[in-house]
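Inspection log for the structure reproduced underneath, given as C-alpha cells.
Chain letters run A, B, ... following the sequence lines, proteins first and then strands; every chain starts at 1. Just so you know, these numbers use all the heavy atoms, side chains as well, and skip hydrogens, waters and symmetry mates.
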2 protein chains.
Amino acid sequence: MTFVKADVPADEQHVAMELGLLFDQIRQVLGNEEWGGLRPSHLRVMGFVPPAGTSITELAVQVGMTKQGCGQFVSQLVDTGHLVVEPDPDDGRVRLVRRTPAGDSATRHLAARLAQVERGWAAQVGDRRYRTFRRVLDELAHGRA
Amino acid sequence: MTFVKADVPADEQHVAMELGLLFDQIRQVLGNEEWGGLRPSHLRVMGFVPPAGTSITELAVQVGMTKQGCGQFVSQLVDTGHLVVEPDPDDGRVRLVRRTPAGDSATRHLAARLAQVERGWAAQVGDRRYRTFRRVLDELAHGRA
DNA sequence: TATTGTTATACTCTATAACTATA
DNA sequence: TATAGTTATAGAGTATAACAATA
C-alpha cells in the first residue's frame, strides 16, 4: 500500500472546529427562518424558563450567563410578548419570569425543529451510530463519567 | 415501575446547548492557559495557514470568515511574531501569509493540547464509543453522507 | 472591469463595575 | 450587611460598505 501524506490529513480540522461547524449548522437553520423576531440566543434563554416561573438571577445560573446579560434578554422577550414578568409576592426584590402562550408555542416549535434537524443527521450517518453520538455528546457535555 | 416526570427529563438541554457546552470546554481549557498572548480565535486562524503560505482572501475562505476580519487577525498575529507577510512576486495585490517558527511551534502545541483533551474525553466514555462519536462528528460537520 | 486588501462602522454576545431597592 | 435587579461601559468576534492599489 502507498500512503500519500498519510500523517498530514487533507482535512486538518480540529475537534473544536468540527463542533463549531455543527453548531453553526443549527444557527444557520434557525437564523434563516422566521421566529417572530427572535434570534437563536433568545430561543436558548427562553427554553430555560420553567413553567412555574423563576427569578432572573436563577435563570442566569441555569443558562450559564450573568444576571446582567440575562436581564437584557428577558427585557427583549417581554417586549416581543414571549415572556411576562410579575413581582414575587414573597420577596419584593424578585421579578418572577414566566412564559406567555406565545413563548410556550415558540419553545415547542424550537424543540420540534431541532428534532427535525437531528432526524436529518441520523439519516446521514445511520440511526444506530447517531444514537451513540448523541449519548456520548450528552455524557461529555455534562461531565458525566 | 413508577416513573416520575418520565417524559420531562430533568435535563432539558438541546443538541445545540450540548454542542456549545463541549465547545466551551475547549475554549476554557485554552483560555486558562498561557498561549503567548494568543486567544483561541487566533490559534484557529493560524492553524489554517499552510506551510507554503497563502493570501489573506484565500485564508479567509478556508477559515470561513470575511477577508476584513481575517486581515485583522493576521495583523495581530504578525505583531505577536507568529506570522509574517511578504509581497507576492507574481501578483502585486497579494500579501503572502506564512507562519514563523514561533507560529509553527504554537500550532503544534495546539494540536497536542487538543489531542490531550480528546484522550480525556475518550477515557470518560470509552475508546470505542469515542471513536464512533468522533467519526460521526466528522461526517456531520463536513456534510458527508 | 475585476480582485486584493484596507479602513470605517455597526451589531451581537458577553463581561465587569457601580448603582438602587429590598431583605 | 447581603441579595435582586438595573444601568453603564467595554471587549471579542463578526458583518457590510466604501475605498485604494493592482491586475
A:Asn32 atom CG is separated from D:dA15 atom P, nearest whole Å, by 13 Å
What's touching nucleotides 16-21 of chain C from the protein side, N or O pairs under 3.5 Å?
residue : atom : partner : partner atom : Å
C:dA17  : N6   : A:Gln68 : NE2          : 2.7

A:Arg39 CZ to C:dT14 P, in whole Å, measures 10 Å
**OP:** Please determine, by modelled atom types, if A:Gln68 and A:Gln72 share a side-chain donor-acceptor pair under 3.5 angstrom.
**Re:** no
Note: contacts of residues 71-92 of chain B with DNA chain D (heavy atom, under 4.0 Å) are B:Gln72, B:Phe73, B:Asp91, B:Gly92
Separation of C:dA15 atom C1' from B:Gln28 atom CD, nearest Å, is 14 Å
The reported gap from CG in B:Leu21 to CE in B:Met17 (rounded to nearest 0.5 angstrom) is 4.0 Å
- So if you build clusters from Ile, Leu, Val, Met, Phe, Trp, Tyr with side-chain heavy-atom gaps below 4.5 Å, do A:Val94 and A:Val49 land together? no
Exercise. Should B:Ile56 and B:Val61 be regarded as members of a common hydrophobic cluster, given that ILVMFWY residues are connected when their side-chain heavy atoms come within less than 4.5 Å of each other, either directly or indirectly?
Worked result: no
From CD1 of B:Ile56 across to C1' of D:dA20 the rounded distance in Å is 15 Å
For A:Leu30, is there any backbone N or O sitting under 3.5 Å from a side-chain donor or acceptor partner on A:Arg113?
no
Can you get from B:Val84 to B:Leu77 by hopping between Ile, Leu, Val, Met, Phe, Trp and Tyr side chains that sit under 4.5 Å apart? no
Separation of D:dG13 atom C1' from A:Phe23 atom CZ, nearest Å, is 14 Å
Taken to the nearest whole Å, CG/B:Asp24 to C1'/C:dA15 is 14 Å
Original post:
What orientation do A:Tyr130 and A:Trp121 show, parallel under 30°, tilted 30 to 60°, or perpendicular over 60°?
Top reply: tilted
- Task: Tell me whether the OP1 or OP2 atom of D:dA4 has a side-chain N or O from A:Ser55 closer than 4.0 Å.
- Result: no
Next on the checklist: Looking at B:Arg44, I'd like to know whether one of its side-chain N or O atoms comes within less than 4.0 Å of OP1 or OP2 on D:dA12.
Outcome noted: no
Between B:Thr54 and A:His42, whichever has its closest DNA chain C nucleotide further toward 5' is B:Thr54
Per atom distances to the B:Met65 side chain, the nearest of C:dT4, D:dG5, D:dA15 is D:dA15
Item checked: Side-chain N,O (B:Arg27) to OP1/OP2 (D:dG13) below 4.0 Å -> yes
| message | side chain to side chain contact (heavy atoms under 4.5 Å, CB included), that's the test. Do B:Leu96 and B:Val85 meet it? Break it down for me. | response | CA-CA 5 Å; B:Leu96 221 57; B:Val85 168; over 6 Å; no
* Compute the ring centroids of A:Trp35 and A:His42, then answer whether they are less than 6.0 Å apart. => no
